[in-house]
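Here is the structure we will look at, set down as structure tokens.
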Amino acid sequence: MAPLTNAAIAQALDELGDLYELDGTESYRVIAYRNAARTVRDAAVSVAGMVREGRATELNGIGRTLDTKLRALLEDGDIPKSRELRSKFPPGLIAVMHLPGFGPKRARRLYDELGIDSLEALRDAAGEGRIRSLRGFGAKVEDNLLKVLADGHDGGPQPRILLPRALGLAEQIAGALAGVPGADRVEIAGSARRLADSVKDIDVIATAADPGALVRTLADLPLIESMGTPGDNAARATTHTGMKVDLQVVEPDQFGNVLQHLTGSKAHNVALREAAVRRGLHVSQYGILDDASGETIRCPTEEEVYATLGYAWIPPELREGRGELEAARLDGGAGLPDLVTVEDLKGDLHCHTTASDGRASVEQMARAAMDRGLEYLAITDHSASHGFGNAVSADQLLEQAARVRELNATLDGFELLIGTETNILPDGSVDYPDEVLAELDWVIASVHTSFGMAQDEMTARMVAAMEHPLVDAIGHPTGRKIETRPPYALDVEQVIDAAARTGTMLEVNSAGDRRDLNDVYARAAAEAGVPILIDSDAHAVANLAIVRWGVATARRAWLTADQVANTRPWAQFAPMRKRARA
DNA sequence: GCCGTTTTCGGCCCGACTGTTTTCAGTCG
């Protein structure tokens with residue numbers, strides 16, 4: 001049987017949590033399953049492997065009971081308790097439970113009292129007015145339910161907006177509000193501020209002499225489609241693209257508390273508050289209640305919030321409950337990393353031109369890179385067997401190499417490199433002859449075909465490519481597309497090991513729908529000593545700027561400038577290439 | 001179910017909102 005992926009294990013734990021919740025078990029057990037599922041999903045190493053080695057309880061939130069259940073899952077393909085509870089509740093009930101406004105209690109009563117076992121049965125019952133007959137349910141619940149179903153909710157996770165688009169909206173809104181006379185501080189909070197892969201809604205927090213003016217300005221913005229009923233100090237709006245926007249205008253003396261609270265993440269805040277309780281402090285968005293004095297400490301800035309709790313200020317990108325609190329402790333923490341910035345980047349090692357599927361010439365890309373202040377740029381058009389855009393034959397590539405070298409000779413203080421993004425074929429070979437690759441300055445190898453291979457085959461394919469002495473780096477190593485395509489089946493742990501062993505760099509591709517490696521894997525790779533690249537993969541001049549998103553992922557991966565290879569000047573980067581070390 | 005600078009037992013973040021209710025349960029972030 002194929003080894004279970006972390007995603008599959010996490011799904012099994014979430015399912016059992018759902019079933020326990022329907023069964024009415026105590027809530028802390030359900031929370032424990034959700035926490036464990038999250039830990040497994042975020043793990044950079046194979047959890048199945050850890051279970052087999054008897055090390056699963058080293059993972060945060062996995063104890064002896066869960067270890068036993070995971071063993072059963074790996075050995076028999078299922079958890080006995082899951083099997084038992086599945087026979088007790090119809091599968092459609094979990095979807096009912098996950099509808100907005102519903103939960104385990106309501107789903108259970110609908111099942112027990114009306115026999116509702118699916119979304120279809122629920123829709124029928126609501127249409128016939130049977131829901132409102134139940135005690136505790138009324139006409140409003142029924143109306144809202146029909147609306148939710150009409151909106152296409154199916155009890156699954158709601159689609160999220162990619163960060164570039166969401167942050168673009170948020171920055172427009174915050175910028176407009178900051179320009180209102182009397183507006184003081186205006187900040188974006190939430191997952192957009194943490195630069196997460198995707199965002200559900202936008203939170204904006206402000207201080208202002210005239211809060212009403214901010215609310216009115218928000219309502220009048222062209223990108224706003226509708227407003228909920230605005231209060232004096234808060235409003236909820238919806239953009240034409242369907243994004244929810246929450247604005248809160250708060251008192252200056254608790255701005256830090258609110259900003260910290262609304263930036264999250266939930267996991268970070270829970271960990272922060274649990275640690276605070278042990279020290280007699282209770283954290284909320286309104287302040288920090290000190291048990292000893294009975295006083296509530298209000299903080300104008302986030303720095304004061306963290307300092308009051310005994311921590312250095314923590315960059316939002318790190319607030320995911322992944323060890324940042326321990327590192328930030330003022331009394332003996334290891335210290336937080338000095339995170340890489342866009343300004344640290346000295347070169348871009350992955351871009352395309354009209355030779356393959358780009359929209360600009362070599363010269364245009366080079367000039368644009370120089371205008372951005374970069375010191376080097378590698379032209380890496382797609383290779384001979386590429387299926388879309390123009391395929392570049394070996395001869396064409398060599399001709400392009402000559403042109404690039406000629407142009408490079410005319411560029412003062414800039415290194416224009418000729419490279420390629422060569423395809424990794426299913427057998428792990430690449431699609432140019434070695435003699436051609438040897439003529440180049442730089443080679444990225446990427447998978448663009450046969451995504452459906454089994455994990456061991458795909459891993460072997462990737463490792464074989466890394467064994468190639470002329471492959472300097474692997475592009476978008478897991479192939480995921482955020483919100484639309486899962487990564488291909490890949491043992492990333494093995495890929496990282498092979499990268500470290502062979503001296504192959506791993507890319508964090510900056511495309512807003514890729515950001516691949518992701519934050520978890522990029523962190524693991526850097527910790528294993530693998531040099532990380534942050535590349536634009538630009539297909540047009542303007543796209544060179546999207547390294548912003550790659551840097552965002554790198555920061556969420558705790559990366560310092562030193563761990564990112566292309567923060568170095570060319571003279572230091574050049575000898576790091578595998579071809580220069582042979 | 002997990003976990004330990006009070007604890008191997010007894011805790012486990014904090015508050016808002018909604019809809020249904022005469023005081024609160026359930027859900028959400």
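Residue numbers begin at 1 in each chain, while the letters A, B, ... track the order of the sequences. Because only heavy atoms are used, hydrogens play no part in the values below, and waters and symmetry mates are left out as well, while side chains stay in.
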So what does [X] touch, heavy atoms closer than 4.0 Å: a base, only the sugar-phosphate, or nothing?
X      : answer
A/N269 : nothing
A/K69  : sugar-phosphate
A/R279 : nothing
A/A107 : nothing
A/I31  : nothing
A/K200 : sugar-phosphate
A/V30  : nothing
A/I288 : nothing
A/K105 : sugar-phosphate

Residue [X], side-chain heavy atoms: nucleotide from [options] that is nearest:
X      : options                : value
A/E274 : B/dG1, B/dC13, B/dT20  : B/dC13
A/L66  : B/dC2, B/dC12, B/dT27  : B/dC2
A/R106 : B/dG29, B/dG1, B/dG26  : B/dG26
A/K266 : B/dC28, B/dG19, B/dG29 : B/dG29
A/H261 : B/dC28, B/dG1, B/dG29  : B/dG29
A/E26  : B/dC13, B/dC14, B/dG1  : B/dG1
A/R273 : B/dG15, B/dC14, B/dC12 : B/dC14

Electrostatic pair [X]:[Y] at N-O distance under 4.0 angstrom:
X      : Y      : answer
A/R123 : A/E120 : no
A/R523 : A/D42  : no
A/R194 : A/E324 : no
A/R298 : A/D253 : yes
A/R480 : A/D197 : yes

With a centroid cutoff of 5.5 Å and a plane-angle limit of 30°, would you call A/Y28 stacked on B/dC12? yes
Please name the nucleotide paired to B/dC14 by Watson-Crick or G-U wobble geometry with both distances under 3.5 Å, or report none. B/dG29
When you compare B/dC12 with B/dT6, how far apart are their C1' atoms, in angstrom units rounded to a whole number? 15 Å
Which value, in whole Å, describes the distance between the P atoms of nucleotides B/dT22 and B/dA16? 22 Å
Over 60° means perpendicular and under 30° means parallel, so classify the ring planes of A/F137 and A/F102, tilted if in between. tilted
Between [X] and [N], is there a side-chain N or O to OP1/OP2 distance below 4.0 Å?
X      : N      : result
A/H282 : B/dC14 : yes
A/Y20  : B/dG1  : yes
A/N60  : B/dC3  : yes

DNA chain B: A/T65 or A/V277, which has the more 5' nearest nucleotide? A/T65
Result for 5'-nearest mapping on DNA chain B, choosing between A/T57 and A/D203, is A/T57
